[in-house]
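Computed from a predicted model, the values in this text were never measured in an experiment. For ligands, and for the atoms within them, numbers begin at 1 and follow the listed sequence. For the numbers below, each heavy atom of this structure counts, side chains included, while hydrogens, waters and symmetry mates do not. Counting begins at 1 with the first residue of the sequence.
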Amino acid sequence: VLTAGTLAGGIVTVLAGLFLAGRALVPIRVSWDKQQQFVADASHELRTPLAVIQSQAELLFRHPERTIEEESEKISNVYKETRRMNKLVSDLLTLARSDSNQMEIERKPLQLDALLADVSWQFAQMAELRDIELTTKLQPGIQIEADEARLRQLLVILLDNALKYTPAEGKVHVSCSRTSHGAEFEVEDTGEGIAREDLPFVFDRFFRGDKVRTSSDGGTGLGLSIAQWIVEAHHGKIRVDSTPGKGTSFTVFLPAKK
Ligand code: ADP
């Protein structure tokens, strides 16, 4: 029952996702070629988890007499791939909607330092578990106009990456300050860094560094393209600096008002 439920859930999510993504593609802002490439890449990325789920389910059906304990590895594989697919479909929907201008940005007055403190606090436990020192230096009282949910999503992407690509005993630092036109914030890490030849591509959809492509950390290669979209929707800029073996920093500049 568990397996059938998980499978059905995953498949329904994917079908619903593709249906919505298809609908979202109607009023197109990006070029037709890019859109086709996006659909082709998305289908390709969905194939891998689907193939794993299908093969594991087939193996499970071969031995209906076995207990859940005996088959826990296959069930766990199905579960992991379903989760991965869920994340992928939700990221794809965000991007498909942003392409077709269906994603609303609601800018309201917001205190940037408080938001950064809150999200950093949410990551504190994960950092501790991974033996990474997470610190902040936040100038107080920075007012901007921004979409809180989207800005939160942006921070989650950057902090999640910083923790993901920094080994144990490393450091992650979050800072923000006022600038003449608005505000800037930075997420810095002492992780593995990004190869110089990869730097121009990190914001591309589905781009994943060589080392991480084969790993099973559940990444989709879509996080930074979503991050870039969020920043641009706020008329801001995002910059990456990285030294392989030393670390990476992402800096975001946000204008104070529309
Ligand atoms: P994902 O993390 O799912 O692979 P992203 O779009 O978030 O996708 O990132 C794209 C690629 O950029 C990653 O695969 C990784 O190679 C590189 N990257 C992103 N953030 C960092 C970081 N803080 N340190 C090192 N590499 C990073």
Original post:
With hydrophobic residues grouped by side-chain heavy-atom distances under 4.5 Å, do Val240 and Ile230 end up in a single group?
Top reply: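 Yes, Val240 and Ile230 fall within the same hydrophobic cluster.
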Please identify which atoms of ligand 1 are closer than 4.0 Å to at least one heavy atom of [X].
X      : value
Ile194 : 18 (N), 25 (C), 26 (N), 27 (C)
Thr248 : 24 (N), 25 (C)
Gly219 : 3 (O)
Phe207 : 10 (C), 11 (C)
Thr220 : 3 (O)
Gly221 : 1 (P), 3 (O), 4 (O), 6 (O), 8 (O)
Gly223 : 5 (P), 6 (O), 7 (O)

Original post:
Residues in side-chain contact (heavy atoms from CB on, under 4.5 Å) with Glu106, at least two apart?
Top reply: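 Result, side-chain contact (heavy atoms from CB on, under 4.5 Å) vs Glu106: Lys108, Asp147.
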**OP:** Determine whether any heavy atom of Phe203 lies closer than 4.0 Å to an atom of ligand 1.
**Re:**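 No, Phe203 has no heavy atoms under 4.0 Å from ligand 1.
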**OP:** Check whether any heavy atom of Gly193 sits under 4.0 Å from an atom of ligand 1.
**Re:**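 Yes; Gly193 lies near enough to ligand 1 that a heavy-atom distance drops under 4.0 Å.
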**OP:** Could you tell me whether Arg152 and Glu148 make a salt bridge, using a distance below 4.0 angstrom between a side-chain N and a carboxylate O?
**Re:**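 Counted as a salt bridge, because a side-chain N and a carboxylate O are separated by less than 4.0 Å.
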Original post:
Are Arg239 and Asp241 ion-paired here, with the side-chain N under 4.0 Å from a carboxylate O?
Top reply: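 Yes, Arg239 and Asp241 are salt-bridged.
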Original post:
Can you list the residues that meet the salt bridge (Lys or Arg N to Asp or Glu O under 4.0 Å) rule with Arg205, with sequence neighbours excluded?
Top reply: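 With sequence neighbours excluded, Arg205 shows a salt bridge (Lys or Arg N to Asp or Glu O under 4.0 Å) to Asp99, given in chain and number order.
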Original post:
So which of Phe201, Phe206, Phe250, Tyr165 gets nearest to atom 13 (C) of ligand 1, if we judge by its closest heavy atom?
Top reply: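 Residue with the shortest heavy-atom distance to the ligand atom: Tyr165.
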Original post:
Relative to atom 7 (O) of ligand 1, which among Val187, Leu159, Asp189, Asn161 owns the nearest non-hydrogen atom?
Top reply: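 That would be Asn161.
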Original post:
Taking distance alone, with no angle check, do Gly209 and ligand 1 share an N/O pair under 3.5 Å?
Top reply: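 The answer is yes, given that Gly209 and ligand 1 share an N or O pair closer than 3.5 Å.
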**OP:** Examine Lys164 against ligand 1 and note whether any of their N/O atoms are separated by less than 3.5 Å.
**Re:**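 Yes; the residue has a nitrogen or oxygen that sits under 3.5 Å from a nitrogen or oxygen of the ligand.
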**OP:** May I ask you to check whether Asp41 and Gln37 show a side-chain donor-acceptor distance below 3.5 Å?
**Re:**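 Side-chain D/A pair, Asp41 to Gln37: present.
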Subject >> Between Asp113 and Gln111, a side-chain donor and acceptor under 3.5 Å >> reply: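 Checked: Asp113/Gln111 side chains pair up, N/O donor to acceptor below 3.5 Å.
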Subject >> From Asp198, Asp189, Thr248, residue fulfilling side chain to side chain donor-acceptor pair (under 3.5 Å) relative to Ser242 >> reply: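 Single side chain to side chain donor-acceptor pair (under 3.5 Å) partner of Ser242 among Asp198, Asp189, Thr248: Thr248.
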Original post:
Do Leu151 and Leu154 have side-chain heavy atoms sitting under 4.5 Å apart?
Top reply: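 Side-chain contact under 4.5 Å: yes.
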